[in-house]
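This report refers to the structure that appears directly beneath it.
Predicted model only: the values in this text are computed from it and were never measured.
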Amino acid sequence: QVQLVESGGGLAQPGGSLTLSCAASGFTFDNYSMSWARQTPGKDYEWVAGIYPDGHTTYYANSVKGRFTISRDNAKSTVFLRMETLKPEDTALYFCGKSGPGCVDYVCYAKSGYDHWGQGTQVTVSS
């Protein structure tokens with residue numbers, strides 16, 4: 001079965017950096033676009049970043065452009081999110097998502113475009 005396991009979250013100072021990892025298994029990883037999304041209590045789901053199956057094309061939410069970088073290592077079935085210049089408003093539970101059958105080779109933005117999510121890894125940005 002599909003498994004997505006996030007890691008790398010933790011506490012960071014404003015202006016600091018963290019790298020999140022998502023280890024994937026149970027599907028042909030390089031056939032699917034992947035995304036990161038985040039949730040905070042009291043706020044809606046927010047799509048953060050997405051990457052095409054071959055890793056050559058990426059997209060970002062306006063709130064993280066220029067600060068976050070999504071990448072993937074298809075040989076290791078892993079997707080990463082490098083977060084830099086962190087802000088308190090980046091505090092959230094971050095999830096890794098696998099695209100569903102209607103979004104297999106491009107990036108979708110809505111939660112409905114994904115058929116599997118990991119358990120999430122908490123990122124807290126505070127001084």
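- For the pair D90/R67, a side-chain contact is recorded, criterion being any heavy-atom separation below 4.5 Å from C-beta on.
- In this structure, the side chains of K98 and D115 come closer than 4.5 Å at one or more pairs of heavy atoms.
- A donor-acceptor pair is defined here as one N or O able to donate and one able to accept, closer than 3.5 Å; such a pair exists between the side chain of Y114 and the backbone of C108.
- Contact of the Q39 side chain with the F95 side chain is registered, since non-hydrogen atoms from C-beta on lie closer than 4.5 Å.
- Between I51 and V107 the shortest side-chain heavy-atom distance does not fall below 4.5 Å.
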(message) Using the rule given for side chain to side chain contact (heavy atoms under 4.5 Å, CB included), can you reason through W117 versus K111, listing the C-alpha separation, both sets of side-chain angles and the distance that settles it, and then say yes or no?
(response) CA-CA 10 Å; W117 297 92; K111 189 176 181 179; 4.2 Å; yes
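- A heavy-atom distance below 4.5 Å is not found between the side chains of Y45 and R38.
- For the residue pair S63 / E46, a side-chain donor-acceptor distance below 3.5 Å is found, with atom types taken as modelled.
- Counting heavy atoms from C-beta outward, D73 and F80 have side chains that approach closer than 4.5 Å.
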(request) Could you check V48 against S35 for side chain to side chain contact (heavy atoms under 4.5 Å, CB included), going step by step and ending with a plain yes or no? (result) CA-CA 7 Å; V48 173; S35 284; over 6 Å; no
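- The CG atom of N74 sits 10.0 Å away from the CE atom of M34 when rounded to the nearest 0.5 Å.
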(request) Using the ring-ring contact (aromatic ring centres under 6.0 Å, His included) rule, take Y60 and F68 through it: C-alpha gap first, then chi angles, then the decisive distance, then the call. (result) CA-CA 8 Å; Y60 299 92; F68 290 12; 8.2 Å; no
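- Closest approach of C103 to S33, counting heavy atoms only: O-OG, 3.4 Å.
- Taken to the nearest 0.5 Å, the CG atom of L4 stands 10.5 Å off from the OG atom of S77.
- In this structure a side-chain-to-backbone donor-acceptor pair under 3.5 Å is missing from T121 to S7.
- The shortest side-chain heavy-atom distance between V125 and K87 does not fall under the 4.5 Å cut-off.
- At least one side-chain heavy atom of E6 sits under 4.5 Å from a side-chain heavy atom of W36.
- Note on ring orientation: taking the six-membered ring where Trp is involved, the planes of W47 and Y109 are perpendicular (angle over 60°, cut-offs 30° and 60°).
- Under the rule for a side chain to side chain donor-acceptor pair (under 3.5 Å), D44 has no partner lying at least two apart in sequence or in another chain.
- Listed for the T78 side chain is a donor-acceptor partner under 3.5 Å among the backbone atoms of K76.
- For the residue pair Y52/T58, the side-chain donor-acceptor check at 3.5 Å is not satisfied.
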Please output the side-chain donor-acceptor pairs of residues 10-20 that fall under 3.5 Å, not counting sequence neighbours, one pair per line with the distance.
{"unit_1": "T19", "atom_1": "OG1", "unit_2": "R82", "atom_2": "NH1", "d": "2.8"}

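- In this structure, CZ in F27 is found 8.5 Å from NE2 in H116, a value given to the nearest 0.5 Å.
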